[in-house]
Amino acid sequence: MKNKNICKIVEDLLPAYIDALLSEESKKLVEEHLETCETCQKAYSQMTSDIQKEVIQNTENVKTIKKYRRKIKILKLFVILCILMFLGIGVTNLGSKYFIVKNALLKNINYAGACANFRIEEYDESIEKSEEHITTYFAESKMRKVKGNHVLEYWEASDHYFIDNEKKTYSIKKEDIHGNDNINIPILVLPEMKNLIKNSEIQPISILKFIFTSNVTIQKEAFRAKEYYVIKDTQKGIKVFLDKDTFFAERIVESPQKSSEYRTLTSSVSWYDVKKPDLTGYTLVENER
């Protein structure tokens, strides 16, 4: 009976013994009893074995949790990198469009100003197929538009001449040559883009609003082994091909059946190119435009 009581006491003390929580006296009592009692020895072995299994299991669970956490971290990092990549692509794309529109508008302002000097040759369909073309000269705040040997328009200060060479007549319209949109030649951009120019100034917010809200797409496109910035009005189907260095329009596609090409030369116009045409023998008629 006494041995059974001691075994019961030792079994109750074994968990604390294994965890090294007993006093020296209690520890000595347990160890002395384990030397002589096979039953308690088995209980001790079973208990330590269970604890080892639990430790191993807990270790495996910890490893699993750590592995899962690592995967979560990697997944979060991947998501963040994807978001940053898409944001970077979006910002780069927006920046590229902003750069193209802004430079096109700046060129438009510079080459429509009083000090501008340029010549534009306009070819129906293409330069390769068209022999005849319209040439517009602009210098000294004067404009002269000719086709072959015939002057079609002449503009100086506020006098805008329209000449009909077949009827030998001409008309004059009073308008400032430097007014917005008065020079009716495709220097650079779509008509909608000229609305972004106010008093020869461009507001960044206007460009961003134009990019986000208009029916215009801006991209790169190759034509005859050369890459252009292409501004397209998706509603009207008009495409303007801008030279990537000069931002001058070199091709305008209005429809699959109609296109025009342009050759622009700057600082190439002399006083002779913009001299007033000789209208001797022509009759002044009322302006119908």
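Computed from a predicted model, the values in this text were never measured in an experiment. Side-chain atoms are counted along with the backbone in the values below, which use heavy atoms only and exclude waters and symmetry mates.
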Short side-chain to backbone donor-acceptor contact, S96 and T92, under 3.5 Å: no
From NZ (K168) to CG (L279), nearest 0.5 Å: 10.0 Å
Hphob cluster co-occupancy, F212 + I100, side-chain heavy atoms under 4.5 angstrom: yes
Minimum heavy-atom distance between A249 and V240, given as atom pair plus value: CB-CG1, 3.9 Å
Note, K239 side chain near R251 side chain (heavy atom, < 4.5 Å): no
Separation of K97 NZ from F210 CZ (nearest 0.5 Å): 10.5 Å
Any I134 side-chain heavy atom under 4.5 Å of L152 side chain: yes
Linked, directly or transitively: F99 and L242 (ILVMFWY side chains, under 4.5 Å): yes
Point-to-point distance, once rounded to the nearest 0.5 Å, from CG of D278 to NZ of K276: 10.0 Å
N/O donor-acceptor pair under 3.5 Å between T234 side chain and N215 backbone: yes
Side chain D273, main chain S270, donor-acceptor under 3.5 Å: yes
Cluster overlap V230 with V101, hydrophobic side-chain contacts below 4.5 Å: no
Single-linkage hydrophobic cluster, 4.5 Å side-chain cutoff, L284 and Y161 together: yes
Side-chain donor or acceptor of T36 paired with backbone N/O of H33 under 3.5 Å: yes
Spatial distance of atom CD (E122) from atom NZ (K145) [nearest 0.5 Å]: 6.5 Å
Over 12 foreign heavy atoms within 6.0 Å of CD1, I205: no
Aromatic plane relationship, F241 with Y228 - under 30° parallel, 30 to 60° tilted, over 60° perpendicular: perpendicular
Beyond-backbone contact of F248 with T266, side-chain heavy atoms, under 4.5 angstrom: yes
Expected output: side-chain N117 to main-chain S268 donor-acceptor under 3.5 Å: yes
Note, Y282 side chain near D164 side chain (heavy atom, < 4.5 Å): no
Heavy-atom side-chain proximity of K142 to K275 below 4.5 angstrom: no
Sidechain-backbone polar pair: W155 side chain, E175 backbone, donor-acceptor under 3.5 Å: yes
L75 side, atom CG; R70 side, atom CZ - distance, nearest 0.5 Å: 14.5 Å
Where F247 and A104 come nearest, the two heavy atoms and their spacing: CD2-N, 4.0 Å
Sub-4.5 Å side-chain heavy-atom contact between V216 and I211: no
Same cluster (ILVMFWY, side-chain, under 4.5 Å), Y137 and W271: no
4.5 Å side-chain heavy-atom contact, D159 and K174: yes
L208 vs Y98 side-chain heavy atoms within contact, under 4.5 Å: yes
Atom pair NZ/NZ of K244 and K226 - distance to nearest 0.5 Å: 10.0 Å
Under 3.5 Å donor-acceptor, R119 side chain and T135 backbone: no
Test: K232 and E221 ion pair at under 4.0 Å: no
Carboxylate-amine/guanidinium contact R224 E250, below 4.0 Å: no
